[in-house]
Every structure is written in structure tokens, then in C-alpha cells.
Amino acid sequence: MEYETISKPDVDSLAVRPNLDDYEGIRSGFDYERVIDELDGLPGGGLNIAYECLDRHVAAGRGDKACILWDGKDGRQETYTYADMAKLSNQFANVLRKLEVEKGSRVFVFMDRIPELYAAAFGTLKAGCIIGPLFSAFGPDAIKDRLEDSGASVLVTTPELKAKVHEIRGDLPALKHLIIASHNEPPEVDDGELSWNDLMADASEEFDIVQTAPDDPAIMHYTSGTTGRPKGALHVHKAVLGHYATGKYVLDFHEDDIYWCTADPGWVTGTSYGMFAPCTNGVSSVIYEGGFSASKWYEVIQKYKVTVWYTAPTAIRMLMKAGDEVPKKFDLSTLRYTMSVGEPLNPEAVVWSEKAIGLPFHDNWWQTETGSIMIANYPVMPIKPGSMGRPMPGINPGIIDEEGNEVATGEEGDLAVRPGWPSMFRTYWNREEMYDSRFKNGWYITGDRARKDADGYFWFVGRADDVINTAGHLVGPFEVESALLEHPAVAEAGVIGKPDPVAMEIVKAFVSLKEGYEPTDELKRELRRFSRERLGPGIAPREIDFIDTLPKTRSGKIMRRLLKARELGLDEGDTSTLEDD
Ligand code: AMP
């Protein structure tokens, strides 16, 4: 079905004049290197994301402004100013110094969205260390893979989550310090643990930020590929230019905005756009600790008078499912701009949101590796529902063929971007070869398939690989298969993404059993429970089917493509490399 283009709004009719009020004009004169002129740089030289996010506002007399409006799961509401966050992060940087954690060390956080998470992340950056955020829903296997690969020496977690860490701590010789933080009572700590509260109580609120250079590593996020375990995409302090500029031009931040990004910092959106973009632009951000509920979410917008809202298609589809009557019960009139990222945003969702909340969602596209938004819909441009929009100023994407040459307008190909933007990842941790393999003929290959139309709008087609996108989160089939194989009953496992109306895809596993095991419903439930415990609910398979043998290539690789075609009743395509059939 064709959806009508939503026409370009009259700029003067908008609540505020968009920062990007002239797309062509700003794009043609844009130079990412000059964005630094709008930031401050470290007083003694160098560049540090945390300084640009916090201390520069304090230095300019804006320290009293609310940085975080925290809404706890238990209903507590707390405000942290820019000055508060600068001090808390200084304290944590001092903690790291006292523990003799050296520049470049990996410091991971495995916690819910409590204020300590943000203090730890900014403090880590100030100490010149690399911050690695993990989803609190991860199970022990998922944590172990990431901590082992990164060689993290510090992990900050909470009393509620630490049992999962203890299960695997013996496998992590590099992990020297386990810090337990609580936003309730000071935590009781056991042997081998340190108390956040004790460490912070002894730490000064003053800290001279380590003189990080623009190209010094700052943050790493693990992301899934088709083969192998998740890999750590490494970003540098210079990425802050991308966070700031996209915050200004895509999220359209203005001084008085109250902004809400619903993403968890375990996902790159929750750091680039849950922390760095709003803070560098000096706006106030709502941090909502709770999970999804349509009425709770609308209530958050009403309670905090949210003006700019950034969320994801799965959440929007769940809001749609909850019905049009729910938003009517709340005052959402403060909202002026809404955006979405992470998966294809169905055109119906754009049309629905215009009707139900009075504003269309603006889709944008980027990924862990790109570090900041690459393609977007902007306030001053017509929206073609279903399209990801047009390139951010300073970004040059293209659609290319296998040789790395651009294809004709309207043709499908690999979505690629000309390298060199500031927030581009600099390597996959310990996997330089894999990093190199992502570049071809002067392009960075994103792993997505797309098309570009005659107006320069990009349209997402699908993934070029077997990576599963479930509720906006990428899941690598290999990680799930490996966890299933740890179960004594499992001989082989093949994992695919099965289309789902709400989550876009769900993780589905095909399992063949070892001799002596019966394919019962009880075993199915046991395998689901087993993988949920090992990996966490976001990664573990929602569906499992037993199968006698898995289709494999002659070289022994499981043919997930074929499993998927069979599951969907589609043409099985080229099966000439199949082992036997
Ligand atoms: P991640 O690195 O986990 O943020 O996932 C990035 C991937 O999510 C992209 O490579 C796409 O496959 C998908 N994705 C992100 N944004 C969009 C979008 N607006 N439309 C379609 N797919 C998207």
C-alpha cells in the first residue's frame, strides 16, 4: 500500500524554529571538523566526552540546570543538576584512581537505570578509561562473553544482579574489582566485593580530568554479527562531535527542552542519545527506570512535560496495540517532536501517531558502529512514511553493489557510508581483521540492504546477513546456538529470526537431540528456561522446534537461510551446497 507523503510543515507554524531550518543550505556548507568550535575542549588541551557533557556547562554558569530527572521504579523522583552530575562523576573518577585503574582500562556497568549508572559512566570517561555498559537483563553467559573478551578490570553492579556475576567470576581473571552500588540502603558487601557507597564517601568531588586526546578510546558496545560471539565496537572521545551535532540538527534540541529517550544504556542509543547528545546540548533528560506500560509511558510525558521524545518501533507498536483511547487520558500537549530508531518503522505507525498523539514519528537510521545518526527525517522536511529519511549533514551514504560501485537510483544494494565521520567506530576489540573486512572500495559496509529514491530518501530493505532484530536489539544466532549446545540434550542448534507483528522478529531455534533424549514439550520448556537463564530473556529463543537433522552446507555450516525459508513456506532458493536432502 502506498502511503501519502506528510507534507513539509510551515517552519513559522512550529512551536520552535528548527535548528536545521534549511536542509540543503546547512548540508552543503557543513564540515564535521568545525563542530568542535561549538564545543569547549578540555581546559588544558584534549577532548573528553564527560567534560563536554557536564563540566563545560558548570564552567559556563549553567550548573544549576537539571541534567537528569530520575523517575525510579518505586515512584521516587529525584533531580540531578549538571553540577551534581559533575561532582558525582568526579567522585567516581577518584575512586578509579584510588583503585589504580589505569587509563585505557575497561570499566563495565551491569545495572538498572539508577543514577549511579550515569555517575559511573561519566566518571569512567573522566578517568580516561573505557566504559562498557551491559543490559541488566543479561544472563551469566552473555555477561561472561563480553567481560572476558574486553578484559574488563572493573565491574559496577547492584545487590539484585550480583549473583549472576558470581556464577562466572571464576572465569574472569582480569576482573579485579567488583563494586556493588545501591540506590536504596547502602549495600552489604561480601568478600571480594567493594561498596560503592563506602568508596564514594571517601572520594573528593574535585578531579582533574585525564587529558584524553580526540582519538583516545572512550566507550565500547557489544554488537552481534552472524558468526562468532558479539564483538566490541570501540568509539573514541571525538565521537562527541557527532553526538552534539545530531542532537542539535536531528533531535532538534533547544535550551528549554525536556527530553526523554526510552533506550537503556546497554544499547548504543541509550548512551549516544540517552546521555551524550542531550548533555552536550545542555537539555534536561528524563530517566525512567521502569519498563514498558502504555499508560505509565504517557504518564511520564505528562508528569515531566516532555517536549522531545525518542523511542523505538516495537514500543510504538505496543502503544498502538494499547489503543487510541489511552493517550486521550493524558495531557501530551507539551510534546513537539517525536522520533524513532532501531528497526523499520511501519508507515502505519507514522500515520497512527499523527492521529493519536498529534505528531508523526520521525524515523532515523544508524547502528552501533556508526555511533551517531546517519540518516534521518527532519522537522523541516516532508515525511515519506516507511522511509528512513535523508543523510545527516556531513554524512555521505550510498547504495552499492558487490564491487563497491554505486547502483542506479531506485535499485536495491548494500547500504554503505563514506568513512571519516567523528563517531565512526575505530575497531572491533581484538578483531582488527573483522573490522577491516567491513570496508570496500572506500566505503564502510553497514550490513543492511536498502534503496535510495529520486528525492534522495533512503528505504530500508533488510539485513544482508542472518542477524536477528528483535524489539530493536540485534541478536547473533551464533550466541544463542552456543548457549543451547551447552545443554546435555542438544546435539545441534540453528537459530533464525521469525517475523512477528510486534517485535519485528522473535528468536526461534531448531534443535536436534542427542541419542537417548525424547523430543517432549517438557524438554522444550526446559531448553527455553535453560537459555533464558544463561543469556537473559531478550536473547533467548521464544520458540523452539525439534528437528531430526539440521540442513548444512558441505563444509558443515548450518544453513539458517534454509531453515527460515522452510519456516515461512518460502522458496528454498539455491540448495546446491546442501549436504544432502
Ligand atoms: P544496533 O547496532 O543494535 O543499534 O542495530 C543497528 C541495526 O538496526 C541496523 O543495522 C539496522 O539493521 C537496524 N535499524 C536501525 N535503525 C533502523 C531503521 N530506522 N530502520 C530499519 N532498520 C533499522
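Indexing begins at 1, ligand by ligand and atom by atom, following the structure's order. For reference, positions follow the sequence shown, starting with 1.
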Within the 4.0 Å heavy-atom cut-off, what H473 brings close to ligand 1 is neither
| task | Using the six-membered ring of F138, assess whether NZ or CZ of R146 lies under 6.0 Å from its centre and within 45 degrees of the ring axis. | result | yes
Logged contact type for W267 with ligand 1, heavy-atom cut-off 4.0 Å, is side chain
Next item on the list: Assert yes or no for the condition that the ring centre distance of W297 to F292 is strictly below 6.0 Å.
Entry: yes
For M388, the atoms of ligand 1 under 4.0 Å from one of its heavy atoms are 20 (N)
If you compare N377, D448, V341 by their heavy atoms, the one closest to atom 10 (O) of ligand 1 turns out to be D448
_Could you check whether Y32 and Y244 have their ring centres less than 6.0 Å apart?_
no
Can a donor-acceptor pair be found between the side chains of D149 and Y222 at a distance below 3.5 Å?
yes
N/O of E369 under 3.5 Å from N/O of ligand 1, yes or no? no
Task: Residue pair S387, F460: steps toward the side-chain contact (heavy atoms from CB on, under 4.5 Å) verdict - done: CA-CA 7 Å; S387 160; F460 181 81; over 6 Å; no
Numbered in order shown, the ligand 1 atoms found under 4.0 Å of a heavy atom of G342 are 8 (O), 13 (C), 14 (N), 15 (C), 16 (N), 17 (C), 23 (C)
Sorted by chain and residue number, the salt bridge (charged side-chain N to carboxylate O under 4.0 Å, His left out) partners of R229 (sequence neighbours excluded) come out as D145
Closest to atom 19 (N) of ligand 1 by heavy-atom distance, out of N469, T269, N364, L345, is N364
Discussion item. Quick check: T446 and ligand 1, any N/O pair under 3.5 Å apart?
Written reply: no
key: Any side-chain donor near an acceptor of the partner, W459 and D453, under 3.5 Å   = yes
of all protein heavy atoms, closest to atom 18 (C) of ligand 1 is E343 O, 3.3 Å
Under 4.0 Å from one or more heavy atoms of P344, ligand 1 contributes atoms 20 (N), 21 (C), 22 (N)
Can an N or O of Q367 be found at a distance shorter than 3.5 Å from an N or O of ligand 1?
-> yes
Applying ring pair (Phe, Tyr, Trp, His ring centres under 6.0 Å) to F478 and not counting sequence neighbours gives none
Ligand 1 to T368, heavy atom cutoff 4.0 Å, flagged ligand atoms 1 (P), 2 (O), 3 (O), 4 (O)
